[in-house]
Amino acid sequence: MSEIQQKPFSSLDISSEVLKAVDKMGFKFMTPVQEETIPVMMDGHDIIALAPTGTGKTCAFGIPMLEYLQLNDTDIQELVLAPTRELAVQIADELTALARFIPGARIATLYGGQPIPKQIQQLKRKPQIVVATPGRLLDMMKRGLADIRRIHTMVLDEADEMLKMGFVKDVTKIIEATPKDRQLVMFSATTNNDVMTMSWKFQYEPVEITIAAVDENKPKITQYVIEADRKNKEERLEYLLDADEYRRVMIFANTKSMTQRLCDHLQKKGYGAQCIHGDIPQGKRNRTLEDFRRGKFPYLICTDVAARGIDVDDVEAVINYDLPQENEYYTHRIGRTGRARRHGVAITLMSFQESVRMDEILRYLQGDKPEKLEFDDMGILRHQNGEAFFDNI
Ligand code: ADP
Ligand code: MG
């Protein structure tokens with residue numbers, strides 16, 4: 001879709017405050033999921049929206065949420081549930097940016113891993129909007145600190161991930177504590193039984209919105225594989241980094257220990273590398289992510305769980321140091337690049353043992369087959385057609 005066919009945000013019937021904020025964020029035209037979701041959500045319908053990552057779902061629900069806000073009401077009115085802390089923080093940041101010109105809007109972010117008192121403080125300020133992970137919200141509810149009985153709009157973001165992560169019970173409990181006639185909007189990259197069950201149980205005549213990952217709308221990611229074995233993986237990785245072609249790279253490893261080890265190794269060799277994984281305290285993880293986002297260092301090494309839902313603009317390349325154990329993780333990982341229609345590169349370092357897994361992943365993807373890159377006798381990485389992959393080494 002060319003920009004000319006896309007509708008500008010100014011065509012929406014929304015407040016000048018939100019419009020100004022969107023403009024300040026640098027957005028002029030709506031993405032397809034925004035164009036389809038915003039008016040329907042503002043009409044009060046329940047929605048189940050299926051859209052690939054990087055298509056702008058946060059603003060799709062964030063804009064209607066801010067439009068509904070009753071500023072002089074001190075109840076929690078709107079609730080967003082997200083599967084991970086990182087994602088909750090990110091959603092709250094985006095909502096805060098959208099609410100920039102609405103001085104009375106108060107947003108609380110509740111997630112595990114951070115001392116409770118700080119978050120209790122946020123609740124005492126009577127937020128109208130709460131963004132939370134299910135566990136921490138339930139905890140606050142049990143303590144009598146979060147009353148969600150007057151919620152009118154509830155959003156489940158990354159519903160598929162959230163339900164897969166074993167939050168079915170928690171999410172059910174939370175929904176059951178909200179009024180029966182509240183609006184329930186679900187966003188999901190894929191659909192599965194849990195998502196459908198949740199919809200069936202709690203939604204009223206939901207409007208289905210499906211955004212296919214096609215053409216222009218699909219993030220442009222070129223995929224490559226490079227054969228490597230346990231012994232030369234580090235060397236291969238260093239070759240890719242030494243080309244100095246990419247300023248923001250996410251490198252995925254399967255385990256916390258591998259992530260840490262690789263990070264230590266790269267740091268020792270003088271690369272600007274930092275890592276995030278489950279054994280690193282949340283505060284530190286947030287700071288690392290913020291620094292990465294700001295471009296303070298180029299290489300972020302992470303596990304799948306720590307990276308879930310993270311949205312960093314301008315990730316130029318994703319490198320799979322290990323092949324993921326779950327097929328979907330591959331899609332999630334490479335989806336960290338090529339966001340908002342930028343072009344991205346995904347490179348997988350694949351050992352012989354991993355090639356079987358790679359075949360499985362490719363069958364699962366049913367999509368573009370990655371190109372195999374090979375090192376020549378001189379140790380130069382080349383495309384299938386013989387051209388050097390990097391022209392500067
Ligand atoms: P999703 O939740 O679908 O994965 P996000 O809401 O995280 O996607 O948005 C992906 C990226 O696109 C973010 O960097 C966001 O700021 C940007 N973005 C969102 N809406 C627009 C828009 N209308 N125009 C340009 N960029 C946008
Ligand atoms: Mg999202």
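When reading the values below, keep in mind they use all heavy atoms of this one structure, side chains included, and skip hydrogens, waters and symmetry mates. For ligands, and for the atoms within them, numbers begin at 1 and follow the listed sequence.
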(request) Count the heavy atoms of every other residue, nucleotide or ligand shown that sit under 6.0 Å from CG of Asn193, and state whether that count exceeds 12. (result) no

Logged contact type for Phe29 with ligand 1, heavy-atom cut-off 4.0 Å, is backbone

Q) Closer than 4.0 angstrom: is that true for some heavy atom of Ala51 and an atom of ligand 1? A) no

CG (Asp359) and CD (Glu354) are apart, to the nearest 0.5 Å, by 12.0 Å

Checklist entry - If you draw the axis of the six-membered ring of Tyr321, does the NZ or CZ of Lys233 fall within 45° of it and under 6.0 Å from the ring centre? => result yes

Aromatic ring pairing Tyr239/Phe390, orientation class (parallel under 30°, perpendicular over 60°, tilted between) = tilted

Here the atoms of ligand 1 under 4.0 Å from any heavy atom belonging to Thr31 are 21 (C), 22 (C), 23 (N)

* **Gly56-ligand 1 polar pair, N/O distance under 3.5 Å** => yes

For Thr53, the ligand 1 atoms with a heavy-atom partner under 4.0 Å come out as 4 (O)

Note: Gln34, heavy atoms under 4.0 Å from ligand 1, region reported as side chain

Glu86-Tyr111 side chain donor-acceptor pair, cut-off 3.5 Å
no

Q) Is it true that Phe9 lies under 4.0 Å from ligand 1, counting heavy atoms only? A) yes

Atoms of ligand 1 under 4.0 Å from any heavy atom of Thr55, numbered from 1 in the order shown, are 1 (P), 3 (O), 8 (O)

CG of Leu138 to CZ of Phe167, rounded to nearest 0.5 Å, is 9.5 Å

